[in-house]
Amino acid sequence: QEKAVIKVCLDGMPLPKSENRPPVNLSLVIDRSGSMSGDKIEKAREAALEALSRLAADDVLSIVAYGSGVETLVPAQRVGDGRRIAAEIRKIHADGSTALFGGVSQGAAEVRKHIEDRRYVHRVILLSDGQANIGPSSPEDLGRLGASLMKEGISVSTVGVGLGFNEDLMTRLAQRSDGNTYFVESSDDLPRIFAGELGDVLNVVARRVVVEVTFPKGVKPIGFVGREGTIAGQNAQVSLNQVYGGQEKFALIEVEVPASDDGATLELATARVTYDDALTNRIASREARRSVSFSKQQEVVVKSANLHVQNEYAANMIAVTKDRAIELVDARKTEAAAREMRVAAAAMRTTAAKYNNVALAVLAEKQEVQACRLERGGLRNQ
């Protein structure tokens, strides 16, 4: 019996230029706390105006700003010519503390005003340079908020500015809601980041995506790696909010595979994806199967290995290990955190040597370096 990793990959086909894209229901949630004063708030206004310029008249936009409190500057409305919305954006100034949870919650409340209209792509973009110091403030709190919004079909993309933000908090919120995460050291990059994020949002080809994987008797699914999913018996399922044109989204599932005779073949899994076609507003589906063969010749097995999937598996395991290390560091167990990171690095080195995977060896070395840094000075944003 052995373990294997199955990658279920979704490739979003680029939208034809002639097609009309689905409309967007977007809320911009902007941190205007005191630490955003000066150049940061000026660039934040620029970024919001950049986002506005990329929307069509029939798109829906709301603007929420938060400091010590939360204020809806522009309630959810169709963009139209955008002049009144632009005027409100230019009035945003920095002051107060950081009510991050309340800001995202209010942005989601504005998005909900049009949540029943299945034509729309629903998105919140959060911009912050600081900590969440008013209201719920832990990564777990924000992760739960993200997961609940995903169930409603709302994704949150987060943009962290400078080096003072809580990386774990911002990442957890985005990941659990199936949004994107950006970190920029200089506020000069904000307009470019917003342009890139809007490029994704305006290029959605599939929504309400459900991937179901069925395994034959004898093949036991163990769990998803780096993504939230459920396993019940011989079935695994994961949900995604949306897929963009030209984008790859994937899930990794670890399985136990029974021993078989030399030369035998086994159908390992059947994957079926069901989704709303963003252009037709109709439900569509696709299906794929994968079989494997068995050999007692080590060189045949090594040669057949998919190194790309090995590396993706390792990268996701590194992320999982880092989350666990953060928990241990918060509990003042730095040595245990470093030890877990080194165990993961050792496992990667063993696999890299067996399959002559140079890229994986590099990942293992980086993980070892991180463990050394952790022992010397703790974790930091990277």
Side-chain angles (χ1 to χ4, degrees), residues 26-36 40 44 62-72 96-112 115 122-184 190 193-194 197 200-201 224 226-229 238-242 316 319-331 378-382:
L26 174 67
S27 182
L28 298 181
V29 179
I30 300 174
D31 180 353
R32 65 174 182 192
S33 59
S35 59
M36 286 285 291
K40 288 181 182 178
S62 56
I63 308 288
V64 172
Y66 67 91
S68 299
V70 180
E71 183 180 2
T72 300
S97 299
T98 314
L100 191 152
F101 189 100
V104 175
S105 298
Q106 184 59 34
E110 291 298 321
V111 169
R112 287 192 192 100
I115 200 73
H122 308 294
R123 180 66 61 97
V124 173
I125 300 179
L126 166 68
L127 171 68
S128 177
D129 80 327
Q131 308 287 326
N133 50 30
I134 293 181
S137 57
S138 71
E140 291 73 22
D141 290 332
L142 272 297
R144 283 191 291 269
L145 175 61
S148 67
L149 293 178
M150 180 176 169
K151 292 178 181 178
E152 298 182 68
I154 303 171
S155 290
V156 182
S157 287
T158 60
V159 184
V161 186
L163 299 177
F165 63 90
N166 186 325
E167 178 190 13
D168 191 32
L169 183 150
M170 299 280 274
T171 301
R172 196 79 59 91
L173 173 61
Q175 286 181 341
R176 294 294 298 277
S177 67
D178 200 29
N180 299 319
T181 303
Y182 307 92
F183 301 126
V184 293
L190 282 177
I193 291 295
F194 267 54
E197 171 67 9
D200 276 353
V201 174
F224 286 87
R227 187 179 284 280
E228 297 287 329
V238 63
S239 297
L240 308 170
N241 259 358
Q242 61 253 317
N316 277 273
V320 170
T321 303
K322 184 174 180 181
D323 282 347
R324 174 62 180 153
I326 289 171
E327 293 175 0
L328 289 170
V329 169
D330 289 345
L379 292 169
R380 58 193 179 123
N381 293 333
Q382 292 196 43

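All values reported here derive from a predicted model rather than from experimental measurement.
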Quick one, Ser33 with Tyr66, criterion side-chain contact (heavy atoms from CB on, under 4.5 Å). Give me CA distance, side-chain angles, the key distance, then yes/no.
CA-CA 7 Å; Ser33 59; Tyr66 67 91; 6.0 Å; no
Please walk me through it: do Leu126 and Leu173 pass side-chain contact (heavy atoms from CB on, under 4.5 Å)?
CA-CA 10 Å; Leu126 166 68; Leu173 173 61; 3.8 Å; yes
Under 4.5 Å between any side-chain heavy atoms of Val124 and Val111, yes or no?
yes
Are side-chain heavy atoms of Leu26 and Ile125 found at a separation under 4.5 Å?
yes
Side chain to side chain, Thr171 and Thr158, heavy atoms closer than 4.5 Å:
no
Can you name the side-chain contact (heavy atoms from CB on, under 4.5 Å) partners of Glu140, sequence neighbours left out?
Ser138, Arg144, Arg172
To the nearest 0.5 Å, how far apart are CD1 in Ile63 and OG1 in Thr72?
10.5 Å
Side-chain heavy atoms of Arg227 within contact of Val238, under 4.5 Å:
yes
Can you list the steps and then say if Glu71 with Arg32 is a side-chain contact (heavy atoms from CB on, under 4.5 Å)?
CA-CA 10 Å; Glu71 183 180 2; Arg32 65 174 182 192; 2.8 Å; yes
What pair of heavy atoms forms the shortest contact from Met36 to Ala44, and how long is it?
CE-CB, 4.0 Å
Quick one: does Met150's side chain get under 4.5 Å of Arg176's, heavy atoms only?
no
How many angstroms lie between CZ in Arg112 and OG in Ser27, if you round to the nearest 0.5 Å?
11.0 Å
Side chains of Asn241 and Ser155 only: does a donor on one sit below 3.5 Å from an acceptor on the other?
yes
Distance from Leu328 atom CG to Asp323 atom CG, nearest 0.5 Å?
11.0 Å
Counting C-beta onward and ignoring hydrogens, is there a side-chain heavy-atom pair between His122 and Leu149 closer than 4.5 Å?
no
side-chain hydrogen bond (donor to acceptor under 3.5 Å, both in side chains) filter on Glu197, not counting sequence neighbours, yields Arg123, Ser157, Asn180, Tyr182
Under 4.5 Å between any side-chain heavy atoms of Leu100 and Leu169, yes or no?
yes
Do Val64 and Ile30 touch side chain to side chain, with heavy atoms closer than 4.5 Å?
no
Please report the closest heavy-atom contact between Leu142 and Phe101, naming both atoms and the distance.
CD2-CD1, 3.9 Å
Straight-line distance of Ile193 CD1 to Phe183 CZ, nearest 0.5 Å
11.0 Å
Among Asp31, Val29, Val159, side-chain contact (heavy atoms from CB on, under 4.5 Å) partner for Leu127:
Val159
Over all atoms of both residues, closest heavy-atom pair of Gly103 and Val70:
N-CG2, 3.6 Å
